[in-house]
Structures are given as C-alpha cells and as structure tokens.
Amino acid sequence: MRIHIPQSIAEAMSMRKELPEAPFFAGGTVVYALGHSYDDAIDISKAVGSEIFHTMRHVHIGAMASLEKIRLSELSPKVLRDAASFCPSLQQRNAATIGGNAAQRRDDGYLTAALLASDPTVVLMTEEGKAEATVSDYLAGRADGLILEFVFRKNLPGEARRIGRSSHAHMAVSGARVGDAYAYTASSSGFASGGKDCWQELGFKDDLLGSADYKRYLLSVMF
Ligand SMILES: Cc1cc2nc3c(=O)[nH]c(=O)nc-3n(C[C@H](O)[C@H](O)[C@H](O)COP(=O)(O)OP(=O)(O)OC[C@H]3O[C@@H](n4cnc5c(N)ncnc54)[C@H](O)[C@@H]3O)c2cc1C
C-alpha cells in the first residue's frame with residue numbers, strides 16, 4: 001500500500017480526486033485490518049486536527065482525536081467519554097479516531113448511539129467546499145465528505161450503555177440518552193434516534209451476537 005501524506009485539507013481533497021478509490025487513513029484500525037487491501041491510502045494526520053477545546057457555548061473535537069483522548073479528556077461530553085470506553089483495547093483506543101468511527105456508520109459502532117443522542121454538528125470538507133451537517137444526517141448517509149470536526153453543545157447531560165457477551169466481545173446493543181433524546185444500536189439491525197421507545201423502529205435480525213428477540217428485549221429494558 002502506498003501511503004500519501006497531504007499537509008493540508010486542500011491537498012487531501014485534491015489527492016482524493018486523483019485517487020477516488022483510496023480511503024482516508026486516520027487511525028488505520030479499519031484500513032489496516034485483515035481482509036482490506038488498497039493500492040493507495042491518504043494519511044490525514046497532518047491535515048485534520050485532533051484537538052479538543054471549549055468555546056463559549058460549544059465543545060469542538062477534531063476528527064483525528066483518538067477514542068482514548070476523548071475518554072480521558074474532561075472537556076469531552078460525558079456521553080461520548082462513556083462510549084469511547086466501549087472500545088475494550090487500549091491499543092485500539094489509542095489509534096482509532098472519532099472521524100474514522102463515524103465514517104463507517106456502523107450499527108455496532110462504539111460511538112454511534114452517543115453521537116446520535118447528542119447530535120453534534122459535523123464540519124465536512126466536500127468537493128464544493130466546507131459544509132455543515134447534523135450527525136444524524138451524516139450517519140444516515142444524507143451528508144458526506146472529509147470530516148474535520150464535531151461541534152457539541154456544552155455541558156450536555158447524558159450517558160451511554162452497552163451490552164455484549166463480554167467486555168471484549170462486539171456489542172450486541174448499545175444506547176445513549178442526552179436529556180430527552182435517546183439513540184440505540186443493535187448489531188446487524190441498524191440504529192435509531194428519537195424518543196425513549198425509538199428502539200422499536202429497528203429491523204431486528206439474528207446474528208452471532210444474539211437473536212432478534214434477545215436484542216429487542218435488551219433495548220426495551222436499557223433505560
Ligand atoms: C479487531 C477489531 C474490532 C473492531 N470492532 C469494532 C466495533 O465493535 N465497533 C466499532 O465501532 N469499530 C470497531 N472496529 C473498527 C475501528 O477500530 C473503529 O471503528 C475506529 O474508530 C475506526 O477509526 P480509524 O481512525 O482507525 O479509521 P481508519 O481505519 O483510519 O478509517 C476507516 C474508514 O473511515 C474513513 N475515514 C477516516 N477518517 C475519516 C474522516 N475524518 N472523514 C471521512 N472519512 C474518514 C476512511 O476513509 C476509512 O474508510 C474494530 C477494529 C478492529 C481491528
């Protein structure tokens with residue numbers, strides 16, 4: 001694999017135009033995983049920030065912030081710190097980024113429920129220029145591009161929970177709540193956000209992590 005290292009966002013975007021098959025390489029935990037093979041990858045570590053900082057009303061988290069950095073930072077929303085700890089391996093948490101996690105739109109994503117319940121703004125770079133979207137739109141595939149940062153409301157109350165066979169097994173289900181906003185994920189079954197009972201919208205399916213009925217029951221008693 002050839003790894004290209006752009007020094008700026010503009011350079012990263014022009015490389016992507018020339019190499020449309022090349023993934024962005026953030027923490028690399030997916031790009032490097034077994035079963036993936038790419039001729040080229042675009043390392044965005046020099047182009048995209050990893051800082052976590054407060055402004056008057058918001059918390060900004062750079063897309064390159066690792067799950068471990070988010071977990072340890074007192075500036076991160078609590079619901080996101082809870083969710084970052086769902087990734088059981090320290091090595092993986094040190095490499096895996098919030099941008100790379102969101103970009104996969106996984107229904108067993110460590111951060112998916114916490115992101116949906118807190119619904120930050122996602123700042124993106126697209127071919128047309130800088131754009132903003134809600135995380136719900138991004139995760140639903142209604143917005144796309146290179147994620148630059150997430151902007152959360154400050155002082156968000158909330159918590160995230162997970163259930164799996166063990167702390168190191170993939171999550172069967174997860175949930176998060178921020179005030180009156182709830183979000184849920186179930187493996188192989190999608191994710192949903194809205195009111196407390198929005199888990200009912202999921203199309204529950206059996207898989208190695210549990211039966212559809214098992215996952216439906218777990219979410220019905222999660223909060
Ligand atoms: C053994 C193992 C188990 C795993 N289990 C889980 C799991 O249960 N749940 C889970 O959520 N994840 C899991 N993962 C995947 C992974 O570790 C995390 O999802 C991680 O957060 C991905 O981030 P990354 O920075 O490593 O992504 P990368 O591997 O760098 O990139 C992944 C994808 O995201 C895109 N991308 C990266 N950054 C951006 C950006 N800023 N803007 C737009 N697109 C971007 C890339 O183009 C690429 O397609 C697992 C990985 C491994 C190796």
Side-chain angles (χ1 to χ4, degrees), residues 1 3-6 8-9 12-13 15-16 19-51 60-71 80 82-116 120 122-127 130-133 135 138-139 141 143-150 160 162-174 176 183 185-188 191 207-210:
M1 188 199 304
I3 298 186
H4 308 264
I5 311 181
S8 67
I9 295 164
M13 295 307 287
M15 279 182 183
R16 189 64 185 276
L19 302 166
E21 304 301 322
F24 293 121
F25 186 112
T29 60
V30 177
V31 173
Y32 260 152
L34 281 177
H36 288 233
S37 118
Y38 301 99
D39 292 335
D40 297 277
I42 302 168
D43 177 338
I44 54 173
S45 59
K46 297 270 189 298
V48 176
S50 63
E51 299 77 19
H60 296 248
I61 301 186
M64 280 297 295
S66 70
L67 302 192
E68 184 65 356
K69 183 171 184 170
I70 289 168
R71 191 180 76 85
L80 200 66
D82 288 353
S85 72
F86 296 165
C87 176
S89 144
L90 173 61
Q91 288 82 353
Q92 197 183 340
R93 285 200 306 275
N94 267 327
T97 66
I98 180 172
N101 195 267
Q104 295 169 79
R105 302 177 168 106
R106 288 174 70 134
D107 60 17
D108 65 347
Y110 303 123
L111 304 184
T112 306
L115 285 173
L116 283 169
V122 190
V123 182
L124 300 160
M125 186 55 77
T126 71
E127 285 188 8
K130 225 172 186 180
E132 291 188 357
V135 111
Y138 180 84
L139 290 176
D144 214 348
L146 172 62
I147 305 173
L148 305 182
E149 66 169 349
F150 297 81
R162 82 183 282 284
I163 300 176
R165 285 195 192 139
S166 72
S167 61
H168 276 61
H170 282 268
M171 306 187 302
V173 297
S174 75
T185 72
S187 64
S188 311
F191 43 79
D207 65 10
L208 279 176
L209 300 174

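Both backbone and side-chain heavy atoms feed into the values below; hydrogens, waters and symmetry mates do not. Every number for a ligand or one of its atoms is a count from 1 in the order of the listing.
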- Query: Is A26 touching ligand 1 with its side chain, its backbone, both, or neither, if touching means heavy atoms under 4.0 Å apart?
  - Reply: both
- L67 N/O to ligand 1 N/O under 3.5 Å: no
- Query: Run the side-chain contact (heavy atoms from CB on, under 4.5 Å) check on L146 and R16 step by step: do they pass?
  - Reply: CA-CA 10 Å; L146 172 62; R16 189 64 185 276; over 6 Å; no
- Query: Would you say T112 and S174 make side-chain contact, with heavy atoms under 4.5 Å?
  - Reply: no
- Query: Can you find an N or O of F25 that's nearer than 3.5 Å to an N or O of ligand 1?
  - Reply: no
- Query: Between M15 and D40, is any pair of side-chain heavy atoms under 4.5 Å apart?
  - Reply: no
- Message: Can a donor-acceptor pair be found, under 3.5 Å and without considering hydrogens, that links the side chain of N101 to the backbone of Q104?
- Response: no
- Output the list of atoms in ligand 1 that are nearer than 4.0 Å to some heavy atom of A63, sorted by atom number. 41 (N)
- Is there a donor-acceptor contact under 3.5 Å from the side chain of T185 to the main chain of F191? no
- Hey, is Q92 touching ligand 1 through its side chain, its backbone, both or neither, going by heavy atoms under 4.0 Å? side chain
- At what distance is the nearest protein heavy atom to atom 26 (O) of ligand 1, and which residue and atom is it? T29 OG1, 2.5 Å
- Task: Return a yes/no value for A96: is any of its N or O atoms, backbone included, closer than 3.5 angstrom to an N or O of ligand 1?
- Result: no
- So which of L209, L111, T97, L148 gets nearest to atom 23 (O) of ligand 1, if we judge by its closest heavy atom? T97
- Query: Under 3.5 Å, N or O to N or O, is D108 touching ligand 1 that way?
  - Reply: yes
- Task: Determine, using heavy atoms of S89 and all atoms of ligand 1, whether some pair is separated by less than 4.0 Å.
- Result: no
- Taking N or O atoms only and a 3.5 Å limit, does A95 qualify as a polar contact for ligand 1? no
- Purely on distance, is any nitrogen or oxygen of L146 under 3.5 Å from one on ligand 1? no
- Message: So if I count the atoms of ligand 1 from 1 in the order they appear, which ones are less than 4.0 Å from some heavy atom of Y110?
- Response: 4 (C), 5 (N), 6 (C), 7 (C), 8 (O), 9 (N), 10 (C), 11 (O), 12 (N), 13 (C)
- For ligand 1, does M171 get within less than 4.0 Å through its side chain, its backbone, both, or neither, judged by non-hydrogen atoms? neither
- Item | I44: numbered ligand 1 atoms lying under 4.0 Å from its heavy atoms | 38 (N), 41 (N)
- Item | Cation-pi geometry met for R105 and Y138 (6.0 Å, 45°) | yes
- Task: With heavy atoms of A103 as the reference, note each atom of ligand 1 found under 4.0 Å away.
- Result: 34 (O), 35 (C), 36 (N), 44 (N), 45 (C)
- Message: Would P23 count as being in polar contact with ligand 1, using the rule that some N or O on each side must be under 3.5 angstrom apart?
- Response: no
- Nearest non-hydrogen protein atom to atom 42 (N) of ligand 1, with distance, is I147 N, 2.8 Å
